[in-house]
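Data first, discussion second: the structure below is written as structure tokens.
Small disclaimer: the values here were computed from a predicted structure and weren't measured.
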Amino acid sequence: SKDGPVIQKMHKPFHLQGCCCARPHFDVFDADSQPIGMVDDPCRCCVIDQIVRDANGKQVLSMAGSICKVGMCCPCCASVDFKVHKHAAHAADAAVG
């Protein structure tokens, strides 16, 4: 609930979704506003991917999935699946929706 303790904060500055410049990026902070990492969404053709970095900018995880999914157009009908990689090795599967 909104009344519970804050465990992390995120800040997402201005971006242009779907544009090759000004790509989405957000910074992640702990409850004391100390940086703990960031997430970048680089420009890739026909792929949705994110790169998760630690507070020092070192890549920790990457996630990728195709834009050709039913869930992209109709989230009520299907999920959007992502492959999660750690150090270029498959680490997990994630689904949104």
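Listed here is the closest heavy atom pair of Asp54 and Val60: N-CG2, 3.6 Å. Between Ala55 and Pro35, the closest heavy-atom pair is CB-O, 3.5 Å.
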For this session: Please test Ile48 against Phe82 for side-chain contact (heavy atoms from CB on, under 4.5 Å), starting from the C-alpha separation and ending with a verdict.
Result: CA-CA 9 Å; Ile48 296 174; Phe82 291 92; 3.5 Å; yes
Exercise. Asp27 and Met10: side-chain contact (heavy atoms from CB on, under 4.5 Å), yes or no, with the steps?
Worked result: CA-CA 6 Å; Asp27 297 306; Met10 293 178 256; over 6 Å; no
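With rounding to the nearest 0.5 Å, the separation of CG in Asp49 from CG in Asp41 is 6.0 Å. We find the NE2-CD distance between His85 and Gln59 to be 11.0 Å, quoted to the nearest 0.5 Å. Summarising the geometry, atom CD1 belonging to Ile67 is positioned 9.0 Å from atom SG belonging to Cys73; distances are rounded to the nearest 0.5 Å. A distance of 9.5 Å separates CE in Met63 from CD1 in Ile51, rounded to the nearest 0.5 Å. Taken from NZ in Lys69 to SG in Cys77, the straight-line distance is 15.0 Å, to the nearest 0.5 Å.
A donor-acceptor pair under 3.5 Å is formed between the side chain of Asp30 and the backbone N or O of Asp32. In this structure, Ser79 contributes its side chain and Asp81 its backbone to no donor-acceptor pair below 3.5 Å.
Other residues, nucleotides and ligands place more than 12 heavy atoms under 6.0 Å from the NZ atom of Lys9.
In the hydrophobic clustering of ILVMFWY residues, with side-chain heavy atoms under 4.5 Å counting as a link, Val52 and Val28 come out together. Residues Val39 and Phe29 do not share a hydrophobic cluster, clusters being chains of Ile/Leu/Val/Met/Phe/Trp/Tyr side chains in contact below 4.5 Å.
Defined by atom type and a distance below 3.5 Å, a donor-acceptor pair is present between the side-chain atoms of His25 and Asp40.
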